[in-house]
Amino acid sequence: MAEITCTYLVVGGGIAGVSCAESLVLLAEARDSIILITESSLVKSVTNLVPLGKVLTRFDVEEKRADTLGNNIRVLEDQLEHIESKDHYVRTINGNKIVYRYLCLCTGARPKLIEHAKDNPNIIGIRDTESVNDFQKRIKNASKIVVVGNGGIASEIVYEISGIEVHWIIKDEYISSTFVDSGAARFFQERLTTKGEKKSIVKRMRYSEETADSSAAKRGAALGPDWHRTVDITGKLENVPDSVKIHYSVEIENVISQSEGFPLKLQLSNNEQIECDFVVSATGVVPAVNFSSDKCFNLAPDGGLLVNWGMDTSVQDIFAAGDVCTADWEPSQHWFQMRLWTQARQMGAMAARSMAARRSGETIYQDFCFELFNHVTQLFGYQVVLLGRYNGQGLNDKYEVLLRMTPGLEYIKFVLVDGRLQGAILVGETGLEETSENLILNQLDLSPYGEDLLDPNIDIEDYFD
């Protein structure tokens with residue numbers, strides 16, 4: 001067993017782990033050493049960071065070879081197996097013993113597949129680079145698939161895919177309910193029948209795991225927000241229209257494997273039957289706490305490692321960030337946790353600050369980004385900005401809504417309580433990102449403006465910027 005010693009040990013090659021390691025490079029003292037353990041030779045790194053406000057940022061996620069992160073980060077392609085917190089060391093699958101001073105767990109999450117997926121090779125999840133490669137191989141020879149789920153990945157698949165018949169099964173009454181309300185869902189739905197421009201190709205450098213052992217059970221980091229722009233997800237049909245059959249408010253009750261015709265027959269809760277080549281299960285994730293420890297961590301009901309505002313777990317000198325953890329602090333008025341790329345980056349950086357401060361004996365405070373829920377993504381070809389309690393989360397239906405929609409151009413929703421902005425959904429190039437952020441943070445009374453607040457003939461950013 002090889003023994004390695006380091007000051008900071010970060011486990012996970014996703015956005016949280018890489019953000020933590022890269023932040024430590026800037027914060028750590030010269031004598032301190034940093035090790036990053038990643039299960040894949042590829043890691044995810046944030047690039048092209050564009051500030052849209054005080055806390056709101058838009059960024060790309062670039063897939064890099066792990067050995068390009070920099071000389072100050074030692075990367076080990078390995079997997080965490082066991083933690084001995086009392087003696088401050090870990091053991092890995094490859095037999096390494098790594099002695100640490102501070103440890104940050106960023107092991108991410110794994111797909112939560114539908115219950116019928118067990119031992120069925122024709123039901124797949126999409127979470128990392130490896131699963132996308134499997135999906136791409138299958139789609140080339142398929143003519144009909146079923147997508148189950150109503151979040152970001154499911155929405156991206158049904159919009160980006162072509163040359164195939166797609167059935168989208170959702171348990172809700174409208175699409176993309178993880179992110180938006182029913183009004184925005186209707187706004188998006190037009191894009192499923194008129195998909196507009198072809199997707200642009202990402203021109204950033206891309207790498208592949210050519211040297212990876214294909215038989216090894218390795219798991220890559222979570223997908224970035226533009227994963228579908230780097231792969232060809234076109235089916236074998238040439239004359240099929242680019243439309244999607246949506247099945248609302250239903251779930252799969254049974255899956256039958258067939259030896260003739262389509263490999264699968266699905267029985268839905270509304271007694272409908274669908275035959276297909278395979279099923280894509282995109283029904284969320286569960287924290288990947290796939291290691292043992294000499295001490296039990298405090299876990300949340302969702303299985304995540306409970307962390308305080310400094311990203312400390314319940315075990316001394318062990319921190320956690322990203323999808324593997326669950327926030328266990330009193331959140332600010334306009335923040336809540338969602339397992340998103342944005343929060344993975346913010347949590348990873350916060351964990352690095354906390355570890356470096358603990359090392360130097362300094363006192364720090366929680367980063368300002370946790371004052372306001374903020375996320376920028378792409379759905380159905382539109383930029384989507386989510387701020388604060390954008391769907392009235394936690395407001396007990398005691399709020400009013402202002403809407404402005406221009407079909408094919410923009411959808412704007414303001415959530416107000418007692419005349420003060422609590423959240424916003426901005427779809428399209430609205431130019432209201434910074435103004436909305438300011439209005440939520442400042443809690444200015446907007447009652448005097450009434451419905452004129454979203455009058456298209458009034459530039460409210462001139463008033464409130």
Which atom pair, heavy atoms only, marks the closest approach of [X] to [Y]?
{"X": "C20", "Y": "C104", "result": "SG-SG, 3.9 Å"}
{"X": "L379", "Y": "S155", "result": "CD2-CB, 3.9 Å"}
{"X": "G392", "Y": "Y399", "result": "CA-CE2, 3.8 Å"}
{"X": "W329", "Y": "V307", "result": "CE3-O, 3.7 Å"}
{"X": "S19", "Y": "V46", "result": "OG-CG2, 4.4 Å"}
{"X": "G17", "Y": "V10", "result": "O-CG1, 3.5 Å"}

Task: Stepwise side-chain contact (heavy atoms from CB on, under 4.5 Å) test for F373 and L340 - done: CA-CA 11 Å; F373 175 88; L340 302 166; 3.7 Å; yes
Working to the nearest 0.5 angstrom, can you tell me the gap between [X] [atom1] and [Y] [atom2]?
{"X": "M311", "Y": "L305", "atom1": "CE", "atom2": "CG", "result": "10.0 Å"}
{"X": "N391", "Y": "F336", "atom1": "CG", "atom2": "CZ", "result": "8.0 Å"}
{"X": "L409", "Y": "F187", "atom1": "CG", "atom2": "CZ", "result": "7.0 Å"}
{"X": "I164", "Y": "N141", "atom1": "CD1", "atom2": "CG", "result": "10.0 Å"}
{"X": "L439", "Y": "D445", "atom1": "CG", "atom2": "CG", "result": "11.0 Å"}
{"X": "L453", "Y": "R404", "atom1": "CG", "atom2": "CZ", "result": "9.5 Å"}

TODO: For the pair F370 and W335, name the ring-plane relationship: parallel under 30°, tilted 30 to 60°, perpendicular over 60°.
DONE: perpendicular
- [ ] Describe, in one word, how the ring planes of F278 and F135 are oriented to each other, choosing from parallel (under 30°), tilted (30 to 60°) and perpendicular (over 60°).
- [x] perpendicular
Report yes or no: does [X] contribute a side-chain atom to a donor-acceptor pair with the main-chain N or O of [Y] at less than 3.5 Å?
{"X": "T283", "Y": "K112", "result": "yes"}
{"X": "E437", "Y": "V55", "result": "yes"}
{"X": "T313", "Y": "I318", "result": "yes"}
{"X": "Q443", "Y": "L421", "result": "yes"}
{"X": "S281", "Y": "I114", "result": "yes"}
{"X": "T377", "Y": "V384", "result": "no"}
{"X": "R138", "Y": "N122", "result": "no"}
{"X": "N308", "Y": "G310", "result": "yes"}
{"X": "T68", "Y": "R65", "result": "yes"}
{"X": "E77", "Y": "V75", "result": "no"}

Sub-4.5 Å side-chain heavy-atom contact between [X] and [Y]:
{"X": "F414", "Y": "E400", "result": "no"}
{"X": "V417", "Y": "R389", "result": "no"}
{"X": "H334", "Y": "L441", "result": "no"}
{"X": "I412", "Y": "V427", "result": "no"}
{"X": "V286", "Y": "D302", "result": "no"}
{"X": "F59", "Y": "V376", "result": "no"}
{"X": "M338", "Y": "F179", "result": "yes"}
{"X": "V147", "Y": "I161", "result": "no"}

Open item on the list: Is the distance from the ring center of Y382 to that of Y411 below 6.0 Å?
Closed with: no
Task: Contacts of D67 that satisfy side chain to side chain donor-acceptor pair (under 3.5 Å) - sequence neighbours left out - done: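 With neighbours one apart ignored, the set is empty.
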Task: side chain to side chain donor-acceptor pair (under 3.5 Å): pairs with one or both residues in residues 344-354, sequence neighbours excluded - done: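 Qualifying pairs: Q346-N374.
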Open item on the list: For F368, does the six-membered ring have the charged nitrogen or CZ of K54 within the cation-pi criterion, i.e. under 6.0 angstrom from the centroid and within 45° of the normal?
Closed with: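 Verdict for F368: no cation-pi partner in K54.
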Task: Residue among Q273, E253, H247 satisfying side-chain contact (heavy atoms from CB on, under 4.5 Å) with L268 - done: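 Single pass found, and it is H247.
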- [ ] Test T326 against R339 for side chain to side chain donor-acceptor pair (under 3.5 Å), laying out the working first.
- [x] CA-CA 9 Å; T326 301; R339 287 181 164 87; 3.0 Å; yes
Open item on the list: One pair to check against side-chain contact (heavy atoms from CB on, under 4.5 Å): N150 and W168. What are the steps and the verdict?
Closed with: CA-CA 9 Å; N150 205 11; W168 190 6; 3.6 Å; yes
Open item on the list: One pair to check against side-chain contact (heavy atoms from CB on, under 4.5 Å): L372 and S332. What are the steps and the verdict?
Closed with: CA-CA 7 Å; L372 175 67; S332 66; over 6 Å; no
Open item on the list: Tell me whether E63 is salt-bridged to K44, with the criterion being a basic N under 4.0 Å from an acidic carboxylate O.
Closed with: yes
Open item on the list: Going by salt bridge (charged side-chain N to carboxylate O under 4.0 Å, His left out), name the residues that satisfy it together with E433, two or more places apart in sequence or in a different chain.
Closed with: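 If we apply the salt bridge (charged side-chain N to carboxylate O under 4.0 Å, His left out) test to E433, skipping adjacent residues, there are no hits.
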- [ ] Given side-chain contact (heavy atoms from CB on, under 4.5 Å), test W309 with M350 step by step and report yes or no.
- [x] CA-CA 9 Å; W309 67 262; M350 186 69 224; 3.9 Å; yes
Open item on the list: Ignoring hydrogens and geometry beyond distance, is a side-chain donor-acceptor pair present between Q333 and Q422 at under 3.5 Å?
Closed with: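 Present: a donor and an acceptor within the cut-off.
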